[in-house]
Q: 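Here it is, the structure in full.
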Amino acid sequence: MWHFLARNKQAAAMLAILTAAALVVIFLATKGSSYNVVERIHEETKDLSESAEIFSTFTLPSDDHFMPSVGNGHIATNVFSDTVYMNGVYNGRKGESRRARIPAWANVRLNSTLTQTPVYSLNTKHGVFTVTVDRERSIITQRIFAHRYYTRAIVNQIRVEPKRRIDPNHIHHEIWIAIKLMPGADSKDIEFPSPTPEFINGRSVWSACGKTRVSEDPEYQPLPVNVCAYWTSVPNHLVVPHHQPRVFTFVMTADKNETVARQEFIKVLQEDGEELYDKHVDQWQKLYREASMEIDGNLQLAKIVNGIWYYYLSSLPSIETYQPSDKYYGLSPTGLARGGSFEDYEGHNFWDTEMWIYPNILLLYPDYAKVLLQYRLENAYVAAELAKITGNKGYRFPWESAFTGGEVTQPCCPEVAEFEQHVTGCISFAARQYLAVTRDEDWLQHGGCSIVTNIAEFWASRAVINYTTGLYDISNVMGPDEDHSNVTNSVFTNVVAGYSLYLAQYVACLCQSYYEAKEPDRWADIAWSLALPYDTTLDYHPQFAGYKRGDVIKQADAVLLGYPLQYPMNISTRANDLLYYESVTRNSGPAMTWSMHAIGQLQLEDNLKAATLFNRSYEAYVREPFKIWSELRRPDVGAVNFFTGMGGFLQALLFGYAGISVHLDKMVIAKPQLPPEATKFKIRGIKYLGAHLTLEMQVAGTTLSVTSLDDQWPLTMFNGKYNITLVPGLTVTLVGPGPFTIHSVHWKDCKLPADVIGQNYLRPIGS
Ligand SMILES: *[C@@H]1O[C@H](CO)[C@@H](O)[C@H](O)[C@H]1NC(C)=O
Ligand SMILES: *[C@@H]1O[C@H](CO)[C@@H](O)[C@H](O)[C@H]1NC(C)=O
Ligand SMILES: *[C@@H]1O[C@H](CO)[C@@H](O)[C@H](O)[C@H]1NC(C)=O
Ligand SMILES: *[C@@H]1O[C@H](CO)[C@@H](O)[C@H](O)[C@H]1NC(C)=O
Ligand SMILES: *[C@@H]1O[C@H](CO)[C@@H](O)[C@H](O)[C@H]1NC(C)=O
């Protein structure tokens, strides 16, 4: 009954102390170290929900690394953390640059979670985290979500539902709910002045506009970034009449532009509580109508898949918004809700985006794939500068980039920035796959032709003819295996470089009516004669020239030739690469290695081995109950929430089990089969040349259905015997292992890239 006491000042002061004490308790509870610490510290909390879409628990994870996030691509936070991050807001000079912390003026806590046992749930399809407390006289439900339409807003709604019962002692009493806003300490990254109070829409609110302290690079970013936030006051308690339910809405908005933050804030406050929530859920449901992956028979797998899409989409911008979206600053390996620390890769962009995350997004949400490529296009002029500085031509994309697009690799590791040049080839590979899936002429005209050709220019300037071998060498590089630095002719690097060169020749033809490419045939010549280390005796690919057999490696590197690069090779070579590199990959490497090996074994039809490797690709990395991914195997952690590992895992499902592959002239489905223990695996909303397709694998067989087609690109499927014209509404049963090839009419009269490298010049150089 402390609200009565609060009426006199002395008691109010005492209450302040009590509240402070409660704060500490709440804080400890979040950390999970309140009591019986020892027992709980290693025990993972269980997900009690039987639904594939919902993760529920009575106990939050003891390590708050493994708390889930809410986000919408503009703004994101980890539930109950003291931090909110915003797209494109970093603080710190170059290698120090990391996501800038905004105090969590959206972190509203219920005191009753301390005494009652709440249920915590993440609904991956509605994009909401809920806390439900069943109290003596009421049921309280707190919803926490980053609004998918009002994208500047993080919303907390607390619904109090009085229980209907006749209790003579309580009938006339109001229900009091103690709550607390816990934004955490002042931000070290953003200099906010003291918040300004005012009344808006009858609500007491606060606002503050601050600036990041240090800009990334004065040359490209002369000014710090502005961050403006508005938030509602949070009282010490909510008071509800005993007879009727009520919803209280608390809002925080943030934007670089004060007017945008303010207008959004006002608009959200004007909305009816339930309508506000429904608008949010509608947008999430639209995303899932666009595409989904459904698994029956293996609940854990289905949950992990739903978790991944929830976390991915939470870091991607909304398509429909109240006010136009900001420029998008890329999808980093730990998403938008993290990236304030060194371990979480500081919110920077790496090759992880293009090679690991993007392929999944491209297949189901090609519009988002375009958004990801756009980040690279917008930073192309910085990549041109970097190429110049290092004595090369064209575009050289940095190993790590953030706000300016310039190199922001951490000071620890200058060699990755210097040598992991393959990132530039990976961007070209992503462009290639984008063109294969969309044939987006508009994209080519607005930067696509230019980025593809300039990347080829870069590789052409990096390749040096070796007169002893008659081949071009690329030296002083590092492949994905970061245990070997400064090597020559890394097979992975040379294949992505060769592909980049060939793609530019192809694109030069596609773009010829509006873009002039300098010497497309010379690029193809270089690619043709680019060295590709291959051991004829052992019939495998040494990782680079001079690789010592037996040397331990960090992660998948040469095996990436088979997938995702789909470099043509003999099946024996593929098998040898997989077998050998599996034996020398260290256990402390990241998850993605094993998903790539799983795909390889599926191609070789060793399903048992594939299942073991597939299990290895997630089992030790997924943390309960919210399916958060760690970079390293349990009990180690590394970066979280590790989008890159998730990406490899999804690829194993889409391109391994479902057997899909994307080529410039076709989409192929080969040996589609169910993942371990599943009885159904349905991929809805596969996008190919404007068509929407559904692939459904069941124990009885696989079907492909056509939802819609783009008239410009009629599709035909060849099943090994017949050509079948695909029409909307058609469902085809895929009999046998295939391959089933889906293709359309030609795209212009352009010769497809040869994509063969490592061939000696047959004629003297220079003639
Ligand atoms: C929060 O709950 C604790 C434990 O029941 C209680 O001691 C404390 O007074 C409460 N604080 C507030 C502000 O209600
Ligand atoms: C040319 O290739 C040979 C054989 O791989 C190698 O030994 C030599 O160092 C290379 N020459 C140069 C100039 O890199
Ligand atoms: C990389 O190797 C070259 C020789 O190819 C050498 O000159 C250079 O110093 C090396 N750089 C580093 C950082 O090890
Ligand atoms: C692939 O196998 C064929 C037939 O055994 C052989 O002639 C060819 O040299 C092999 N290719 C490679 C790259 O090993
Ligand atoms: C995956 O591997 C782990 C550890 O090797 C094992 O305990 C688990 O049962 C496996 N899970 C499946 C689904 O095979």
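Remember, it's 1-based here, ligands and their atoms both numbered in the order they're listed. Hydrogens, waters and symmetry mates are skipped; everything else that's a heavy atom, side chains included, is used.
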Q: Please state which protein non-hydrogen atom is closest to atom 13 (C) of ligand 3 and give its distance, to 0.1 Å?
A: Phe419 CZ, 3.8 Å

Q: Report the nearest protein non-hydrogen atom to atom 5 (O) of ligand 3: residue, atom name, distance rounded to 0.1 Å.
A: Asn476 ND2, 3.1 Å

Q: Could you check whether atom 11 (N) of ligand 2 has a protein contact, counting only heavy atoms that fall below 4.0 angstrom?
A: yes

Q: Within this structure, what is the CG-CD distance for the pair Asp557 and Glu482, rounded to the nearest 0.5 Å?
A: 10.0 Å

Q: Could you pull out, from Asn615, Thr612, Leu301, the option with a heavy atom nearest to atom 14 (O) of ligand 5?
A: Asn615

Q: For the residue pair Tyr581 and Tyr547, does the interplanar ring angle fall in the parallel (under 30°), tilted (30 to 60°) or perpendicular (over 60°) class?
A: tilted

Q: With a 4.0 Å cut-off, strictly under, does atom 1 (C) of ligand 2 pick up any protein heavy atom?
A: yes

Q: Verify the contact flag for atom 7 (O) of ligand 2, where contact means a protein heavy atom under 4.0 Å away.
A: no

Q: What is the distance from atom CG of Leu386 to atom CD of Glu407, rounded to the nearest 0.5 Å?
A: 6.5 Å

Q: Distance from Glu53 atom CD to Lys125 atom NZ, nearest 0.5 Å?
A: 5.0 Å

Q: Can you list the ligand 2 atoms lying under 4.0 Å from a non-hydrogen atom of Asn466?
A: 1 (C), 2 (O), 3 (C), 8 (C), 10 (C), 11 (N), 12 (C), 14 (O)

Q: Of the protein's non-hydrogen atoms, which lies at the shortest distance from atom 4 (C) of ligand 5, and what is that distance?
A: Glu619 OE1, 3.8 Å

Q: Identify which one of Phe350, Tyr312, Phe643, Trp351 satisfies the ring pair (Phe, Tyr, Trp, His ring centres under 6.0 Å) criterion when paired with Trp356.
A: Trp351

Q: Is there at least one pair of N or O atoms, one from Asn486 and one from ligand 3, spaced under 3.5 Å apart?
A: yes

Q: Just verifying a value: how many Å separate Asp551 CG and Asp481 CG, rounded to the nearest 0.5 Å?
A: 9.0 Å

Q: Contact between ligand 5 and Glu677 is defined here as a heavy atom of the residue under 4.0 Å from a ligand atom; is it met?
A: yes

Q: Less than 4.0 Å between a side-chain N and a carboxylate O, is that true for Lys94 and Asp217?
A: yes

Q: For Thr488, which part has a heavy atom under 4.0 Å from ligand 3: side chain, backbone, both, or neither?
A: neither

Q: If you take all heavy atoms of Ile304 and Tyr618, which pair is closest and at what distance?
A: CD1-CD1, 3.6 Å

